[in-house]
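Structure record follows, encoded as structure tokens.
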Amino acid sequence: MIELLGKSLVELQSLFEEHKIQKFRAKQLIDYIYHRHIFVFQDMTQFPKMLRDWLDANCIISIPKIVAQSISPDGKTQKLLLELIDHSRIEAVLMEQHYGNSVCVSSQVGCAMGCVFCASTQGGLFRDLTVAEIVGQVVLFSALKQEDIHSLVVMGAGEPLQNYDNVLQALKLIHDPITFDISYRKMTISTCGWVPNIYKLADEDLPITLALSLHATTDETRRKIMPVGSRYKLDEVLEAVKYYYEKTQRRITFEYILIDSINVSLEEAHELGKIGKEFPNCHVNLIPVNGNEHINLYKPSSKHMNIFKDIIASYGVSVTIRKEMGDAIQAACGQLKAAHGRKEEIHE
Ligand code: SAH
């Protein structure tokens with residue numbers, strides 16, 4: 001069966017031409033999928049019966065299946081646990097912000113990075129997501145909401161720069177005016193610091209926003225909580241991020257999880273302020289760690305978090321503490337999936 005989700009207009013046109021189907025049908029198909037949210041071929045009534053039957057016999061549109069859903073008490077954050085065609089499970093989140101709907105997508109099933117604070121990586125990496133599966137998360141939310149999607153963050157499970165080609169292809173499709181028409185400026189890729197592909201992304205000359213999961217100010221601490229820290233030194237990571245900034249002129253976001261007794265000394269706040277100062281217009285996003293029964297890590301007191309933040313701000317760096325809107329719905333990476341038990345998955 002041929003997967004139609006995630007294919008560009010040009011790809012659909014050449015597929016149709018190959019099968020002697022009129023080329024203009026490709027644009028109609030994109031309209032059905034991305035705007036009218038019709039995924040059943042027989043419901044595509046603009047198509048002649050013969051075409052609908054051919055599509056039924058040869059093609060599929062694999063919209064991920066919703067297994068569980070949790071909505072925050074204020075109704076503004078919605079997290080979905082989704083099942084893919086091979087029964088793998090991933091998570092995707094929709095956040096209603098004041099500026100519009102923002103979707104957070106996963107890029108892999110599981111993750112190879114092994115960060116100690118992250119629920120998504122606990123079972124290791126199972127596989128990369130396909131272009132269709134990445135795009136499918138956005139299609140699903142736009143179908144559920146029946147509203148435009150304003151922005152996109154690739155910050156769910158997985159390391160997006162390890163699934164570089166599929167992530168980029170998905171973003172290019174989502175950017176296309178005939179699908180979602182989301183500008184690259186409203187897309188963010190979050191990475192743990194996969195250095196070679198930070199350079200590669202910079203050289204694409206696309207104004208995508210880069211978020212770096214920094215989480216420590218020394219190699220010693222970073223290595224303790226993020227195994228990738230043994231592969232790439234902090235200096236190398238920051239040099240790559242600097243190159244990204246210089247090439248794209250996009251404001252860099254630094255994510256920094258606040259974990260009590262691990263990375264929140266006042267000295268570390270000063271170091272973070274100094275790092276931020278090196279990146280004009282950057283933003284530091286402080287994230288109180290979300291623990292669970294497997295992740296025995298705790299956030300510092302509110303008082304301490306505010307002192308930490310004020311020190312960074314004293315360097316003239318823009319800094320905020322992330323609202324914990326995810327807490328109520330287990331929005332931290334991988335937690336909904338973990339709560340539903342991994343054993344239900346066929347591959348484990
Ligand atoms: N691999 C990419 C993207 C996935 S992780 C990266 O490392 O950036 C995305 C973000 O999820 C991380 O920056 C981290 O801030 C957040 N995250 C993961 N586990 C968390 C936890 N237990 N509590 C709070 N935030 C968490």
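Whatever order the structure lists them in is the order used to number ligands and atoms, beginning at 1.
Aromatic ring centroids of F254 and H283 lie 6.0 Å or more apart. In this structure, the ring of F47 has its center no less than 6.0 angstrom from the ring center of F41.
Salt bridge annotation for K76-E96: absent, with no cationic side-chain nitrogen under 4.0 angstrom from a carboxylate oxygen. With salt bridges taken as basic N to acidic carboxylate O contacts below 4.0 Å, one links D203 and K247.
When the heavy atoms of G158, S107, C192, S213 are ranked by distance to atom 3 (C) of ligand 1, first place goes to G158. Nearest-residue assignment for atom 16 (C) of ligand 1 (options I295, I257, L297, N290; heavy-atom criterion): I257.
Using a 4.0 Å cut-off between heavy atoms, M155 contacts ligand 1 through both its backbone and its side chain.
For G156, the heavy-atom gap to ligand 1 drops under 4.0 angstrom. Heavy-atom separations between M113 and ligand 1 are all 4.0 Å or longer. Taking 4.0 Å as the cut-off, M226 does not count as a neighbour of ligand 1 on heavy-atom distance.
Taking a cut-off of under 4.0 Å to the non-hydrogen atoms of I287, the atoms of ligand 1 that pass are 15 (O), 24 (C), 25 (N).
Any N or O atom pair closer than 3.5 Å counts here, and P160 shares no such pair with ligand 1.
Under the 6.0 Å distance and 45° angle rule, K274 does not count as a cation-pi partner of Y315.
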Would you check, one step at a time, whether the test side-chain hydrogen bond (donor to acceptor under 3.5 Å, both in side chains) holds for E147 with N101? CA-CA 8 Å; E147 283 173 17; N101 292 312; 2.8 Å; yes

